[in-house]
Protein chains: 2
Amino acid sequence: MTAPEQACPIAPVVDIVFSRWTTPILWTLNEYGTQRFVELERRIGTITAKVLTQRLRQLERDGLVVRTYHPEVPPRVEYEISELGRSLAPLFASLAEWSQHNLAKVEQARLRYDKKD
Amino acid sequence: MTAPEQACPIAPVVDIVFSRWTTPILWTLNEYGTQRFVELERRIGTITAKVLTQRLRQLERDGLVVRTYHPEVPPRVEYEISELGRSLAPLFASLAEWSQHNLAKVEQARLRYDKKD
DNA sequence: GATAGTAGGTACCTAGAGGAAAGTGACTAT
DNA sequence: ATAGTCACTTTCCTCTAGGTACCTACTATC
């Protein structure tokens with residue numbers, strides 16, 4: 001299901017970086033630094049523990065997040081953004097800037113489209 | 001289903017720009033210029049007509065794509081990227097560059113992760 | 001009469017993503 | 001003895017994105 005985008009050279013990186021929940025997780029880790037599981041869970045708010053686990057595993061596998069397990073009681077696990085993950089920061093900043101300048105235009109386009117017809 | 005990401009200021013723009021199939025469509029329109037429906041369909045390859053229609057409508061509604069209908073027989077419809085859509089070009093270029101430098105690192109991280117354990 | 005091309009629309013069906021809720025294990029605090 | 005904490009895991013359920021197949025209207029071609 002990931003194959004179809006041979007027409008687009010950025011498709012693979014989009015799959016990795018912009019799949020569901022990855023940007024809130026990476027953003028939060030980059031913004032607030034190293035965090036434990038429940039901290040992430042609370043800050044992101046509406047994500048369920050199961051999905052958060054899945055996404056963190058995927059991000060760890062892709063090398064964007066570093067997971068450190070401390071075998072204490074109760075267990076403690078810390079997540080931090082990796083160097084590779086941090087290399088996405090300027091990209092995210094560009095996105096935020098585009099958003100600031102152009103999100104309103106998208107809204108206006110939607111209003112126009114929905115009004116007529 | 002779009003609400004949960006209040007923790008992340010780029011979440012709205014990610015929803016608009018990086019939802020499924022949008023990058024291949026925008027990329028193709030930007031690369032090859034104005035095109036008809038079947039041209040897009042063939043170039044992207046594995047997309048079905050129904051989904052392509054859905055995505056094009058969404059992109060048109062968001063103001064990223066301009067649709068021009070010529071009431072001839074047989075009907076002719078042309079799609080082109082809008083100015084707002086073109087404003088994404090530098091962003092896509094940054095993504096392509098990140099991809100060139102770091103996609104291999106993601107691959108290596110995956111190999112490491114899958115090997116141990 | 002049959003077929004193909006054009007740009008879709010519509011109805012039906014299925015696979016998979018994601019949510020809700022409960023369980024786990026080992027220890028601590030009350 | 002009970003409840004609570006942490007970081008999940010597991011089971012069950014729902015919902016929707018996307019696929020398949022067929023339909024439209026009109027013309028040209030064989």
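As the structure is a computational prediction, the values presented were derived from the model and not from experiment.
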More than 12 heavy atoms of other residues, nucleotides or ligands under 6.0 Å from [atom1] of [X]: yes or no?
| X | atom1 | answer |
| --- | --- | --- |
| Gln100(A) | CD | no |
| Glu72(A) | CD | yes |
| Glu97(B) | CD | no |

Selection from [options] that lies nearest to any side-chain heavy atom of [X]:
| X | options | answer |
| --- | --- | --- |
| Val51(B) | dG19(D), dC6(D), dT6(C) | dG19(D) |
| Pro74(B) | dA7(C), dC6(D), dG5(C) | dG5(C) |
| Ala49(A) | dC8(D), dG8(C), dC6(D) | dC8(D) |
| Phe37(A) | dG8(C), dC8(D), dG5(C) | dC8(D) |
| Arg20(A) | dG18(C), dC8(D), dT6(C) | dG18(C) |

Separation of [N] [atom2] from [X] [atom1] (nearest whole Å):
| X | N | atom1 | atom2 | result |
| --- | --- | --- | --- | --- |
| Gln54(A) | dT11(D) | CD | C1' | 14 Å |
| Glu78(B) | dT6(C) | CD | C1' | 13 Å |
| Leu56(B) | dT6(C) | CG | P | 16 Å |
| Ile47(A) | dG19(C) | CD1 | P | 7 Å |

Original post:
Taking only residues two or more places apart in sequence, or in another chain, which ones meet Arg42(B) in a side-chain contact (heavy atoms from CB on, under 4.5 Å)?
Top reply: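 Partners of Arg42(B) under the side-chain contact (heavy atoms from CB on, under 4.5 Å) test: Val38(B).
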May I ask you to evaluate whether [X] reaches the phosphate of [N], defined as a side-chain N or O under 4.0 Å from OP1 or OP2?
| X | N | answer |
| --- | --- | --- |
| Thr48(B) | dG19(D) | yes |
| Arg36(A) | dT5(D) | no |
| Tyr79(B) | dG8(C) | yes |
| Arg55(B) | dG8(C) | no |
| Arg42(A) | dC6(D) | yes |

Original post:
Quick one: on DNA chain C, does Val73(A) or Arg57(B) contact a more 5' nucleotide (nearest heavy atom)?
Top reply: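 Looking at DNA chain C, the more 5' nearest nucleotide goes with Arg57(B).
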Original post:
Counting only N and O atoms by type, is there a donor-acceptor contact under 3.5 Å from the side chain of Glu78(A) to the main-chain atoms of Arg76(A)?
Top reply: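 Flag not set: sc Glu78(A) to bb Arg76(A) has no pair under 3.5 Å.
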Original post:
With no angle test and no hydrogens, is the base of dG19(C) tied to the side chain of Lys50(A) by a donor-acceptor pair under 3.5 Å?
Top reply: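 Such a pair is found, so the answer is yes.
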